[in-house]
Amino acid sequence: MACKPINVLITGANRGLGLEMVKQILTTLRPVSKVFACCRNPDGEKAQELQELAAKNDIIKIIRMDAADPKSIKEAAAQVGSHLGQHGLNLIINNAAVAHLSTFSATTPEEMQDCYRTNAVGPTCIIQEFLPYLRTAAKDSGMPGMSIRKAAVVNISTLVSSIGIAKDTYIMFPCLPYRASKAALNMIVVCAAVELQKDEILCTLLHPGWVRTDMGGPDGEIDAQESVQSMLKVMSSMTEKHNGELLDYKGKNLPW
Ligand SMILES: NC(=O)c1ccc[n+]([C@@H]2O[C@H](COP(=O)([O-])OP(=O)(O)OC[C@H]3O[C@@H](n4cnc5c(N)ncnc54)[C@H](OP(=O)(O)O)[C@@H]3O)[C@@H](O)[C@H]2O)c1
């Protein structure tokens with residue numbers, strides 16, 4: 001049976017892993033109806049490559065969204081809603097994040113708040129605001145179970161969110177505010193997964209690997225192309241068994 005075209009939304013889509021996702025989704029998740037590429041400053045220099053890509057592909061709609069600002073998320077949801085037809089929104093990838101690298105002793109309330117606002121509160125507001133569109137997609141799909149072609153939120157987390165292995169990883173990669181905010185994200189997504197199960201909306205977490213982006217730095221183990229290729233493969237194979245799970249880009253479960 002032929003697949004129905006899907007609508008996908010990605011946050012932090014102007015550079016790094018988010019931009020690479022926009023590029024690869026066009027071919028890998030075909031058929032795609034629309035890709036809503038969200039970024040906080042669509043007219044800025046850092047969104048130039050995304051603008052060029054969108055100019056060549058009318059499937060891509062660039063949407064202004066500051067993931068750290070609930071008002072901006074609300075406005076983005078209204079704008080996306082005006083483009084969506086009766087089929088709803090099938091897949092949200094909560095990718096936008098900030099990382100402050102300070103140690104426990106050196107970190108400030110401002111760094112902690114900045115990381116929480118963007119990495120934990122932002123994804124919460126995004127899931128809440130776009131929930132009606134996800135529900136529409138789940139109902140419209142006519143498919144049993146859960147999948148990213150039906151209705152799903154994939155949240156980009158990190159290996160260093162894991163409390164279980166923090167004693168081994170902390171010294172190498174301190175970044176206390178980032179770790180704490182991503183551990184909070186993990187909890188938020190598990191709670192959302194339980195609550196939205198009745199709507200058949202899949203909620204999961206993915207670690208992209210250590211990737212050579214602005215955030216990952218030049219010493220990362222893989223490039224954005226390999227990370228995204230692998231994450232999209234994992235996402236495509238997700239079912240209800242993966243609801244509320246934290247996986248890495250190769251599909252392996254990570255310890256909480
Ligand atoms: N790279 C790695 O090794 C690695 C490892 C583990 C997990 N991750 C996770 O992977 C995801 C992508 O990371 P990356 O490596 O691609 O990072 P990146 O190159 O630093 O890109 C971060 C993206 O997030 C956006 N962003 C930050 N704050 C935002 C806000 N308030 N509103 C909207 N967009 C915002 C940035 O937009 P601006 O251009 O406007 O700043 C940019 O598009 C993140 O969730 C990160 O935690 C990365």
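Order of appearance sets the numbers: ligands from 1, and atoms from 1 within every ligand. Positions are given from 1 along the sequence. Note that the structure is predicted; figures quoted are calculated from it, not measured.
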Can you confirm whether the side chains of Ser161 and Asn186 place a donor and an acceptor under 3.5 Å from each other? yes
So which protein heavy atom does atom 7 (C) of ligand 1 come closest to, and at what separation? Ser157 O, 3.2 Å
Of the listed options (Thr11, Thr213, Ile222), which comes nearest to atom 1 (N) of ligand 1 when hydrogens are ignored and any heavy atom counts? Thr213
Of all heavy-atom pairs between Cys203 and Asn243, which one has the smallest distance, and what is that distance? N-OD1, 2.9 Å
From the options Ile156, Thr118, Asp114, Asn14, select the one whose nearest heavy atom is closest to atom 10 (O) of ligand 1. Ile156
Those atoms of ligand 1 less than 4.0 Å from some heavy atom in Trp210: 3 (O)
State the atoms of ligand 1, each with its element, that fall below the 4.0 Å cut-off from a heavy-atom position in Thr158. 6 (C), 7 (C)
Exercise: do His87 and Asn7 side chains pair donor with acceptor under 3.5 Å: no
Taking only heavy atoms of Ala68, which atoms of ligand 1 are found under 4.0 Å from at least one of them? 31 (N)
Will you find, in the side chains of Thr169 and Arg179, an N or O donor that is under 3.5 Å from an N or O acceptor? yes
Looking only at protein heavy atoms, which one is nearest to atom 40 (O) of ligand 1, and how far off is it? Arg40 NE, 2.8 Å
Taking Glu200 first and then Lys150, would you say they form a salt bridge - that is, a charged N and a carboxylate O separated by under 4.0 Å? yes
For ligand 1, which is the ligand I care about here, please tell me if Ala67 has any N or O atom under 3.5 Å from one of the ligand's N or O atoms. yes
For Val211, is at least one N or O under 3.5 Å away from an N or O on ligand 1? yes
Heavy atom of the protein closest to atom 26 (N) of ligand 1 (residue, atom name, distance): Ala96 CB, 3.8 Å
With the threshold set at 4.0 Å, does a side-chain nitrogen-carboxylate oxygen contact exist between Arg64 and Asp43? yes
Heavy-atom contact check, 4.0 Å cutoff: does Arg117 meet ligand 1? no
Checking Arg40 side chain against Met65 main chain: does a donor-acceptor pair fall under 3.5 Å? no
Contact partition for Ala97 relative to ligand 1, non-hydrogen atoms under 4.0 Å: both
Classify the angle between the aromatic ring planes of Phe36 and His83 as parallel (below 30°), tilted (30 to 60°) or perpendicular (above 60°). tilted
Nearest-neighbour protein heavy atom for atom 21 (O) of ligand 1, which is reported as residue plus atom name and distance: Arg15 NH1, 3.7 Å
Less than 3.5 Å between some nitrogen or oxygen of Lys182 and one of ligand 1, yes or no? yes
Work out whether the distance between some heavy atom of Arg212 and some atom of ligand 1 is less than 4.0 Å. no
Less than 4.0 Å is my threshold; does some heavy atom of Cys39 fall inside it relative to ligand 1? no
With a 4.0 Å cut-off on N to O distance, would you call Asp69 and Arg117 a salt bridge? no
Tell me the protein heavy atom at minimum distance from atom 17 (O) of ligand 1, and give that distance in Å. Met215 CB, 3.4 Å
Hey, is ligand 1 close enough to His207 that some N/O pair sits below 3.5 Å? no
Going by the order shown, which atoms of ligand 1 are within less than 4.0 Å of some heavy atom of Gly16? 16 (O), 19 (O)
Relative to atom 5 (C) of ligand 1, which among Gly216, Ala224, Gly209, Pro123 owns the nearest non-hydrogen atom? Gly209
Part of Lys46 with heavy atoms under 4.0 Å of ligand 1, whether side chain, backbone, both or neither: side chain
With no hydrogens and no angle check, do the side chains of Thr107 and Glu111 hold a donor and an acceptor under 3.5 Å apart? yes
Is there a heavy atom of Cys38 sitting under 4.0 angstrom from any atom of ligand 1? no
For atom 31 (N) of ligand 1, closest protein heavy-atom neighbour: Asp66 OD1, 2.8 Å
List the closest protein heavy-atom neighbour of atom 47 (O) of ligand 1: residue, atom name, distance to the nearest 0.1 Å. Tyr178 OH, 2.5 Å
Is any NZ, NE, NH1 or NH2 atom of the basic residue among Glu75 and Lys71 found under 4.0 Å from an Asp or Glu carboxylate oxygen of the other? yes
Measure the spacing between OH of Tyr178 and SG of Cys115 and express it to the nearest 0.5 Å. 8.5 Å
Ignoring hydrogens and geometry beyond distance, is a side-chain donor-acceptor pair present between Ser181 and Asn119 at under 3.5 Å? yes
Nearest-neighbour protein heavy atom for atom 13 (O) of ligand 1, which is reported as residue plus atom name and distance: Leu17 CD1, 4.0 Å
Show me which atoms of ligand 1 lie under 4.0 Å from any heavy atom of Val98. 27 (C), 28 (N)
Does the side chain of Asn253 come under 3.5 Å of the side chain of Glu245 through a donor N or O and an acceptor N or O? yes
Ligand 1 atoms nearer than 4.0 angstrom to some heavy atom of Met65 are 32 (N), 33 (C)
Just go through Asp219, Asn95, Asp214 and tell me whose heavy atom is the nearest to atom 12 (C) of ligand 1. Asn95
Compute whether any side-chain donor of one residue and acceptor of the other, for Gln225 and Gln229, lie under 3.5 angstrom apart. no
Nearest 0.5 angstrom please: Thr124 OG1 to Leu185 CG, how far? 7.5 Å
